[in-house]
Amino acid sequence: MAYSALSHVPVAVPINNDSLLPRSQFKGNNVFFNDKLRTSGLSLDFKIANARSKGRSVVCMSVQQASKSKVAISPLSLEDAKEPPLHLYKNKEPYTGTIVSVERIVGPKAPGETCHIVIDHGGNVPYWEGQSYGIIPPGENPKKPGNPHNVRLYSIASTRYGDSFDGKTASFCVRRAVYYDPETGKEDPSKNGVCSNFLCDSKPGDKVQITGPSGKIMLLPEDNPNGTHIMIGTGTGVAPFRGYLRRMFMENVPTFKFGGLAWLFLGVANSDSLLYDDEFSKYLVDYPDNFRYDIALSREQKNRNGGKMYVQDKIEEYSDEIFKLLDGGAHIYFCGLKGMMPGIQDTLKRVAEKRGESWEEKLSQLKKNKQWHVEVY
Ligand code: FAD
Ligand code: A2P
């Protein structure tokens with residue numbers, strides 16, 4: 001089972017023969033793929049990802065491609081529908097799923113806890129990549145005594161086939177909402193977030209009330225299998241992108257053979273907070289022409305003004321390429337912290353002005369063409 005063998009063993013690997021860097025953020029090396037995974041590419045994975053996490057770039061490396069064999073999926077009837085499934089289960093009659101696994105997926109130095117949670121829906125709550133489920137946490141809503149809690153939405157981090165590739169599970173990437181008293185700075189568990197704590201504390205076999213699936217804005221447009229998809233995520237906002245990338249690079253989907261470009265920009269606090277880094281790093285090795293991966297580590301790297309390195313600083317670095325790709329019809333997706341959008345819009349506006357373009361016009365064109373996809377919370 002994916003994630004069952006996660007570990008946090010620090011190792012050191014040489015990069016370009018000139019340095020040794022700790023590699024504490026890697027959590028299991030070959031647990032994300034099925035038995036077909038060849039391990040020969042792994043030392044290169046280590047080098048690339050490790051260098052990236054330190055803000056270095058790896059150049060002139062002779063890349064021996066690792067196995068590109070893809071994972072078999074079933075049932076293929078999940079490809080048949082012409083429209084995405086929507087609202088199959090409503091708040092009044094949720095589906096009762098079962099927790100399969102809960103794994104902490106950040107290292108010890110990450111500020112806060114993020115868990116990868118797999119839920120068994122028995123094939124009864126099908127969804128497409130980019131959709132969300134609602135979860136109704138157990139217990140009574142303190143604001144409406146006698147009533148259940150309000151539903152909370154979670155982006156699904158797996159493909160429609162789930163992490164066990166049989167169409168029976170959905171995975172979440174959940175950040176535990178912890179409340180700190182502003183005066184004492186201490187945690188006040190009585191005020192901690194209800195649903196995220198319920199999910200992160202749950203155990204295999206526990207029951208969970210599911211609604212949905214919901215959402216159309218983050219669906220992966222598949223009309224052009226050679227299209228470009230620029231994904232910008234902060235923290236758990238990586239979830240839908242993990243689903244897209246698995247569909248593009250990990251699964252053998254007979255009706256979707258991706259030959260375009262997927263470019264992931266991810267902003268997290270530090271190298272211990274990196275999410276799913278080992279599977280993304282493997283795509284870099286296996287599909288160097290189809291995948292790009294840029295990371296902003298806000299608490300380990302500085303931007304060119306000496307401030308925190310945020311994902312928008314990475315976007316600025318590559319703005320010319322990004323603008324050209326958008327002009328060529330690329331889709332751009334944003335998922336994660338609501339707070340990132342003003343900074344990102346400011347950056348894009350500044351870049352557009354430098355290029356003598358009007359950002360307002362460009363944005364309205366992107367929206368009109370359905371190239372602009374935002375899901376922030
Ligand atoms: P709540 O109980 O709703 O509390 C919210 C916040 O208020 C918490 O930070 C809590 O600490 C604080 N708080 C609680 N009580 C008090 C109090 N008395 N005084 C002051 N503060 C208090 N989240 C993810 O982790 N992963 C995802 O993939 C994800 N996807 C999402 C997708 C969508 C479309 C949306 C809309 C949201 C998504 N979220 C996701 C956020 C998620 O829905 C929840 O909002 C989040 O988990 C917090 O819910 P909770 O029940 O734990 O916190
Ligand atoms: P920081 O918390 O250092 O200010 P995580 O869930 O690992 O904390 O990831 C969320 C990431 O988003 C962090 O690196 C966080 O930085 C960063 N972040 C916070 N505010 C913004 C913002 N306004 N724009 C972009 N990134 C942000």
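Sequence positions, counted from 1, serve as the residue numbers for this chain. Just so you know, ligand 1 is whichever comes first in the structure, and atom 1 is the first atom listed for that ligand. The shown structure was predicted, so the numbers you read here are calculated from the model rather than taken from an experiment.
A donor-acceptor pair is defined here as one N or O able to donate and one able to accept, closer than 3.5 Å; such a pair exists between the side chain of Thr159 and the backbone of Tyr161. Not a single donor-acceptor pair under 3.5 Å links the side chain of Asn369 to the backbone N or O of Leu366. Judged by distance alone, with hydrogens and angles left aside, the side-chain atoms of Arg242 form a donor-acceptor pair with the main-chain N or O of Ala157 at under 3.5 Å.
Contacts of Arg176 with ligand 1, taken as heavy-atom pairs under 4.0 Å, are absent altogether. Contacts with ligand 2 closer than 4.0 Å are made by heavy atoms of both the backbone and the side chain of Met340. Looking at Tyr377 against ligand 1, only its side chain comes within 4.0 Å, counting heavy atoms. Heavy atoms of Pro137 found under 4.0 angstrom from ligand 1: none, in either backbone or side chain. Contacts of Leu297 with ligand 2, taken as heavy-atom pairs under 4.0 Å, are absent altogether.
By the rule that hydrophobic residues join a cluster once side-chain heavy atoms approach within less than 4.5 Å of another member, Val376 and Phe241 end up as members of separate clusters. No single ILVMFWY cluster, assembled from side-chain heavy atoms under 4.5 Å apart, contains both Ile332 and Met248. Note on Tyr318 and Tyr310: separate hydrophobic clusters, where clusters join Ile, Leu, Val, Met, Phe, Trp and Tyr whose side-chain heavy atoms are under 4.5 Å apart, directly or indirectly. Clustering ILVMFWY residues whenever any of their side-chain heavy atoms sit less than 4.5 angstrom apart, transitively, puts Phe334 in the very cluster that holds Phe265.
The shortest N or O to N or O distance between Leu337 and ligand 2 is not below 3.5 Å. Taking distance alone, with nitrogen or oxygen atoms compared against 3.5 Å, Val311 stays at or beyond that limit from ligand 2. Looking at ligand 1, you'll find an N or O of Leu153 within less than 3.5 Å of one of its N or O atoms. Residue Thr236 has no nitrogen or oxygen atom sitting less than 3.5 Å from a nitrogen or oxygen atom of ligand 2, judged on distance alone. For a threshold of 3.5 Å applied to N or O pairs, the pair formed by Asn192 and ligand 1 contains no separation below that value.
Listed by atom number, the atoms of ligand 2 under 4.0 Å from Gln312 heavy atoms are 24 (N), 25 (C). Heavy-atom proximity to Ser273, at under 4.0 Å, picks out these atoms of ligand 2: 7 (O). Set against the non-hydrogen atoms of Arg299, the atoms of ligand 2 under 4.0 Å away are 1 (P), 2 (O), 3 (O). Shown in contact with Ser298 at under 4.0 Å from a heavy atom are these atoms of ligand 2, numbered in order with element: 1 (P), 3 (O), 13 (C), 14 (O), 15 (C), 16 (O). Here is the list of ligand 1 atoms found below 4.0 Å of a heavy atom in Val174: 25 (O). Of all atoms in ligand 1, listed by their number and element, those nearer than 4.0 Å to a heavy atom of Glu375 are 34 (C). Counting atoms of ligand 2 from 1 in the listed order, those under 4.0 Å from a heavy atom of Gly235 are 6 (O), 9 (O), 10 (C). Listed by number with element, the atoms of ligand 2 under 4.0 Å from a non-hydrogen atom of Thr234 are 12 (O), 26 (N). The ligand atoms of ligand 2 that sit less than 4.0 angstrom from a heavy atom of Ala269 are 7 (O), 13 (C), 14 (O). Under a 4.0 Å criterion applied to the non-hydrogen atoms of Arg175, ligand 1 contributes the atoms 25 (O). Near Lys308, with a cut-off below 4.0 Å to any heavy atom, the atoms of ligand 2 are 1 (P), 3 (O), 4 (O).
Residue contacts with ligand 1: Tyr154 is included, with a non-hydrogen atom under 4.0 Å away. Using a 4.0 angstrom heavy-atom cutoff, Gly343 does not count as in contact with ligand 2.
Ranking protein heavy atoms by distance to atom 23 (N) of ligand 2, first place goes to Gly339 O, 2.9 Å. When only non-hydrogen protein atoms are considered, atom 20 (C) of ligand 1 lies nearest to Tyr179 CE1, 3.2 Å. Counting protein heavy atoms only, atom 5 (P) of ligand 2 is closest to Arg175 NH1, 3.4 Å. Ranking protein heavy atoms by distance to atom 53 (O) of ligand 1, first place goes to Gly193 CA, 3.1 Å. Nearest protein heavy-atom neighbour of atom 52 (O) of ligand 1: Ser196 OG, 2.6 Å. Cys173 O, 2.9 Å is the protein heavy atom nearest to atom 26 (N) of ligand 1. Looking at atom 13 (N) of ligand 1, its nearest protein heavy atom turns out to be Lys191 O, 3.3 Å. Scanning the protein for heavy atoms near atom 3 (O) of ligand 1, the closest one is Arg152 NH2, 3.0 Å. For atom 11 (C) of ligand 2, the closest non-hydrogen atom on the protein side is Gly267 O, 3.5 Å. In terms of protein heavy atoms, atom 30 (N) of ligand 1 is closest to Ser155 N, 3.1 Å. For atom 4 (O) of ligand 2, the nearest non-hydrogen atom of the protein is Tyr310 OH, 2.5 Å. In this structure, the protein non-hydrogen atom closest to atom 2 (O) of ligand 1 is Val194 N, 2.9 Å.
Closest heavy-atom approach to atom 9 (O) of ligand 1 among the candidates Ala177, Ser171, Ser190: Ala177.
Salt bridge Lys308/Asp313: absent, no basic N to carboxylate O contact under 4.0 Å. Under the 4.0 Å criterion applied to side-chain N and carboxylate O atoms, Lys282 and Asp286 are assigned as salt-bridge partners. The residues Arg247 and Glu222 are annotated as salt-bridged, a charged nitrogen and a carboxylate oxygen being separated by less than 4.0 angstrom. A salt bridge does not link Glu357 with Lys349: none of the charged nitrogens is closer than 4.0 Å to a carboxylate oxygen. Using a 4.0 Å cut-off between charged nitrogen and carboxylate oxygen, Lys191 and Asp181 do not count as a salt-bridge pair. Comment: Glu129 does not engage Arg246 in a salt bridge, judged by the lack of any side-chain N to carboxylate O separation of less than 4.0 angstrom.
For the pair Pro126 and Leu88, the minimum side-chain heavy-atom distance is below 4.5 Å. With contacts defined as side-chain heavy-atom distances shorter than 4.5 Å, the pair His116/Arg104 does not qualify.
From Asp272, atom CG reaches atom OG1 of Thr114 across 11.5 Å, with rounding to the nearest 0.5 Å.
Taking the six-membered ring where tryptophan is involved, the planes of Phe258 and Phe256 are tilted, since the angle between them lies from 30° to 60°. The aromatic rings of Tyr333 and His373 lie parallel to each other, their planes meeting at an angle below 30°, with 60° marking the opposite boundary. Ring pair His121/Tyr133 is perpendicular by interplanar angle, where above 60° counts as perpendicular and below 30° as parallel.
For atom 33 (C) of ligand 1, a protein non-hydrogen atom is found at a distance below 4.0 Å. The nearest protein heavy atom to atom 5 (C) of ligand 1 is not closer than 4.0 Å.
Enclosure of atom CD in Glu361 is not indicated, since only 12 or fewer non-hydrogen atoms of other residues, nucleotides or ligands lie within 6.0 angstrom. Within 6.0 Å of atom NZ in Lys257, more than 12 heavy atoms from other residues, nucleotides or ligands are found, so the atom counts as buried in its surroundings.
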